[in-house]
Amino acid sequence: IGDEAMELLEKYPGFKMGDTGIEEVDEAAKVGGKKEGYEVLLKQVGLHPGDLSGLASTKKDDRQEYLKKLEKAGSTTWDKFIELTSFFSSSKDHSQVVDFDYMKRGMIGLSERLLNSGEKGVEVKDLKGSANEPKKVNAFMKQADNKPFIYQPRDDAYLFYDVCVERAARKWEKERKWWKLWKS
């Protein structure tokens, strides 16, 4: 688990592991399991500094609701991405985006690679087309008025924006595979 994430959470005076208000996390912390509850917490929230800060600065009684909002935001982000890259989405809808179809193909390829990647994500050098151009990818996501589904902590790799987006993406992928099987 991320030492930086643990250090970040420990900086908040009102945040005590074992007394977070998140039942599953507090149970793990009480028995000293899964590294005193941190592993359980980070599995739910992820390691994104903004989400961890938001959680730690939220009142204890509101943290479970905070997690629900993160999950909903993750699903919304992925739904918007799917809508953006769908068959029906065209450059007419996003005339401000240069080379929309070229960028769209790259984003679809990137999403497929991320769905098959591990926690280290996908290295930029392993990608082709527009996904090999991180600055263009980030600009594309912003121009298309969409919260990016990717996060780039390093210049040489892509990760899902957060664990909630990743869960939504993996759920979508699982349902899509099931639908394909059912149709055939």
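Please read all numbers here as calculations on a predicted model, not as lab measurements.
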Query raised in the report: If you draw a 6.0 Å radius around CD in Gln44, do more than 12 non-hydrogen atoms from other residues or ligands fall strictly inside?
Result: yes

Query - Electrostatic pair Lys43:Glu39 at N-O distance under 4.0 angstrom - result: no

Requested in this report: Grab the two heavy atoms, one from Ala28 and one from Val40, that are nearest each other, plus how far apart they are.
Outcome: CB-CG2, 3.7 Å

Report task. Flag the pair Leu41 / Leu55 as yes when at least one side-chain heavy-atom distance between them is below 4.5 Å, and no otherwise. Result -> yes

Query raised in the report: Taking the side chain from Asn132 and the backbone from Val124, do they hold a donor-acceptor pair closer than 3.5 Å?
Result: yes

Report task. Verify the cluster assignment for Ile108 and Leu127: are they in a single hydrophobic cluster under the rule of side-chain heavy atoms below 4.5 Å apart? Result -> no

Query raised in the report: Atom OG of Ser57 and atom CZ of Arg63: how far apart are they, to the nearest 0.5 Å?
Result: 8.5 Å

Query raised in the report: So do Arg113 and Asp126 actually touch side chain to side chain, heavy atoms under 4.5 Å?
Result: yes

Query - Salt bridge Glu71-Lys68, side-chain N to carboxylate O under 4.0 Å - result: no

Requested in this report: Please report the shortest heavy-atom distance between Val163 and Gly46, naming the atom on each side.
Outcome: CG1-N, 3.4 Å

Query - Distance-minimising heavy-atom pair for Tyr158 and Val137 - result: OH-CG2, 3.4 Å

Query - Rounded distance (nearest 0.5 Å) linking atom CD of Glu10 with atom OH of Tyr38 - result: 4.0 Å

Query raised in the report: Would you call Val122 and Asn116 a side-chain contact if the rule is heavy atoms closer than 4.5 Å?
Result: no

Report summary line: Distance col, row Met103:CE vs Thr85:OG1, nearest 0.5 angstrom, shows 12.0 Å

Query raised in the report: Just how far is it from atom CG of Leu52 to atom CG of Leu8, taken to the nearest 0.5 Å?
Result: 5.5 Å

Query raised in the report: Does a side-chain heavy-atom distance below 4.5 Å link Asp3 with Met6?
Result: yes

Report task. To the nearest 0.5 angstrom, please state how far the CZ atom of Phe160 sits from the CG atom of Leu114. Result -> 4.5 Å

Query - Test: Arg176 and Glu173 ion pair at under 4.0 Å - result: yes

Query raised in the report: Quick one: does Lys125's side chain get under 4.5 Å of Asp156's, heavy atoms only?
Result: no

Query raised in the report: So, for Leu115 and Arg170, which heavy atoms are closest and what is the spacing to 0.1 Å?
Result: O-NH1, 2.5 Å

**Report entry** Heavy-atom side-chain contact between Ser53 and Tyr12 under 4.5 Å
**Finding:** yes

Query raised in the report: How about Trp78 and Ser111: do any of their side-chain heavy atoms sit closer than 4.5 Å?
Result: yes

Query raised in the report: Are side-chain heavy atoms of Tyr66 and Leu70 found at a separation under 4.5 Å?
Result: yes

**Report entry** Pairwise distance CH2(Trp172) to CD1(Ile82) - rounded to 0.5 angstrom
**Finding:** 4.0 Å

Report summary line: When every non-hydrogen atom of Lys30 is compared with those of Gly18, the smallest separation belongs to CE-O, 4.3 Å

Query raised in the report: Minimum heavy-atom separation for Leu110 to Ala131, with atom names?
Result: CB-CB, 4.1 Å

